[in-house]
Amino acid sequence: MSKANLYKAPRGTFDILPGQSYKWQWITEKFREIASVFNYREIVTPIFEVVDLFERSVGSTTDIVEKEMYIFTDRKDRVFALRPEGTAPVVRSTIENHLQKDGNISKLFYLGPMFRYDRPQKGRYRQFYQYGIELIGSRHPYNDAEVIWFADMFVRNLGIKDFCLEINSIGCPKCSIEYDKVLVSFFSKYKPDLCPDCHNRIATNPKRLLDCKVSKCRTIAKDAPLILDYLDQECDYHFKNVCSYLDYLNIKYDINPFIVRGLDYYNRTAFEITDTSRKTQNALLGGGRYDGLFATLGGSDTPAIGFAGGFERLIGAMEQNNLCFGNEPAPDAYLIIIGDRAVPEGLKLIMELRDKGIKTEYNIEKNSLKAQMKAAANSKARYALMLGDDEIDTKTITIKDLDKGIQNTYPQEYLITFLIKS
RNA sequence: GUGGCUGUAGUUCAAUCGGUUAGAGCACUGGAUUGUGGUUCCAGGUGUUGUGGGUUCGAGUCCCAUCAGCCACCCCA
């Protein structure tokens, strides 16, 4: 072990092994299918960006930029960060490449690894894989609902049933000025009972006070004034409309006034889907509206909304419920060659099969029929194709159905049609 | 980043109070059956006990460090 394991995957990272990779593919396929149905197009951005992009967009007081970024300097002393999230890069690219024309909507999706320097745990990794969408160029509440609809449909299509969709509105900067004041004065009354983190939150980010997991703070927060009661008229109207559209679409949701997304750029609609069969690391996906981000990053005033979620969490939820990831890849046919005389014929055959797109395996290093049969069974191939002296003499091939255990000998010309038919 | 638990064949787990050559199932390979796999029987290697130090006549076992995983906090995907 020690010699073979001199090198290990870095802490918090993992290899997606051959026995697992089809699960990633399955989820990717499902995601692409829904993206296609909703008319989203893929965008691929670099895995690292100048660190400033994330500081400006995600917010300099958030945990992500304060302590979770992988930052490095290149040979010309430029400071970069491995992307901790996907929205800021997409917005940067949209601005840089003038993808967004006023009055139009851009619908983009992305897939790829993200990086956060957290302490690893099950369901929490330093390199993890996300899927996400961004709907850019509309402030209409219908589009909030449509993005949520996409999320809901995706999770549902994977077969996940134990999940909960929660939505909230965190208002706009204007509402926040008023609401933050109310929060500060409310929590200040309980200052001695609050945890040290919450002491800081009073000064830096009052809304996060609602988010604290410390039980004492939680009890206090339970009676805190709710943002929903402090939305200005436009925000209130917007939120009610989002809810109405969700109702029209027959999407079940709960309103949870304690949802405060961890990134600074969100405004108005915020939502999360959580895995209800799990107590920790149970956020499947989360998103919200970010109408101010384009301006923050130097673009024109462009409203947008999106969400992102993690592959690992989905796989965890699916495995826990024994859900199907499609078929594990296996060959259609396994060629078994008996005797040296059949080798040239066999090679001709395997060439023909592969040319026709039939997934065929053959192991020239296994000699005995028994060993080859065993290898065929282990490969999970549907059919074993046996070619020996008898078959050569009669220009036939013996086909054995490895599940049913029955076999028949057919003329060689019939083989391709047989395999294509079944 | 804080606190705790754990680390033994490929894998799941044993190994008495610190005692001599570290064991078993599954998996793997070969054979029984040179034209038949998933059943059975037989045989085979499974290893620097995560790594590095220390204590001891003697360490898988005790101590320290380190790495990794897990749990809780935190954070979120």
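Bear in mind that the values here come from a model prediction, so they are computed numbers and not experimental data.
Using a 4.0 Å heavy-atom criterion, one finds that G339(A) contacts no nucleic acid atom at all. Across all strands, I336(A) comes closer than 4.0 Å to no nucleic acid atom at all (heavy-atom distances). Base contact: M386(A) has a heavy atom under 4.0 Å from a base atom. R261(A) comes within 4.0 angstrom of sugar-phosphate atoms only, judged by non-hydrogen atoms across all strands, and of no base. Residue D275(A) is classed as having no contact, given no heavy-atom separation below 4.0 Å to the nucleic acid. In this structure, G12(A) reaches the sugar-phosphate backbone alone: every heavy-atom distance under 4.0 Å involves primed, P, OP1 or OP2 atoms, never a base. Among the protein residues, D118(A) comes within range of the nucleic acid bases, having at least one heavy atom under 4.0 Å from a base atom. Using a 4.0 Å heavy-atom distance criterion, K370(A) is classed as a base contact.
Contact check for S368(A) versus M373(A): no side-chain heavy atoms found under the 4.5 Å cut-off. Residues L165(A) and I148(A) meet the side-chain proximity criterion, which asks for heavy atoms closer than 4.5 Å.
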Quiz: residues 126-133 of chain A side-chain donor-acceptor pairs under 3.5 angstrom, not counting sequence neighbours:
{"residue": "R126(A)", "atom": "NE", "partner": "D118(A)", "partner atom": "O", "Å": "2.7"}
{"residue": "R126(A)", "atom": "NH2", "partner": "D118(A)", "partner atom": "O", "Å": "3.3"}
{"residue": "Q127(A)", "atom": "NE2", "partner": "Y129(A)", "partner atom": "OH", "Å": "3.0"}

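Base pairing of rG38(B): no nucleotide in any strand meets the Watson-Crick or G-U wobble criterion (both distances under 3.5 Å). Checking rU48(B) for Watson-Crick or G-U wobble geometry (two distances, each under 3.5 Å) identifies no partner in any strand. rC73(B) is paired with rG1(B) under the Watson-Crick or G-U wobble criterion, all donor-acceptor distances under 3.5 Å. In this structure rU16(B) sits in no base pair that meets the Watson-Crick or G-U test at under 3.5 Å. Base-pair partner of rA68(B): rU6(B) (Watson-Crick or G-U wobble, both distances under 3.5 Å). Pairing for rU33(B) is absent, with no Watson-Crick or G-U wobble pair whose two atom distances lie under 3.5 Å.
Taking 3.5 Å as the limit, the base of rC70(B) and the side chain of R124(A) contain no donor-acceptor pair of atoms between them. Judged by distance alone, with hydrogens and angles left aside, R119(A) brings no side-chain donor or acceptor close enough to the base of rC73(B) to form a pair under 3.5 Å.
Each of rG1(B), rG69(B), rA77(B) was ranked by its minimum atom distance to the side chain of R116(A); first place goes to rA77(B). The side chain of M373(A) sits closest to rU36(B) out of rU36(B), rC73(B), rC67(B). Checking rG35(B), rG30(B), rA77(B) against the side-chain heavy atoms of E312(A) singles out rA77(B) as nearest. For K374(A), the listed nucleotide lying nearest its side chain is rG37(B); candidates were rG37(B), rA72(B), rG69(B).
rA77(B) atom C1' lies 9 Å from atom CD of Q281(A), rounded to whole Å.
Evaluation of the side chain to side chain donor-acceptor pair (under 3.5 Å) rule for S277(A) yields D275(A) as partners, not counting sequence neighbours.
Residues of residues 397-415 of chain A that place a heavy atom closer than 4.0 Å to RNA chain B, in numerical order, are T398(A), K400(A), L402(A), D403(A), G405(A), Q407(A).
Using a 30° and 60° split on the angle between ring planes, F418(A) and Y410(A) fall in the tilted class, from 30° to 60°.
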In sequence, state the C-alpha distance, the side-chain angles, and the governing distance for D180(A) and S176(A), and then conclude on side-chain hydrogen bond (donor to acceptor under 3.5 Å, both in side chains). CA-CA 5 Å; D180(A) 284 354; S176(A) 286; 4.9 Å; no
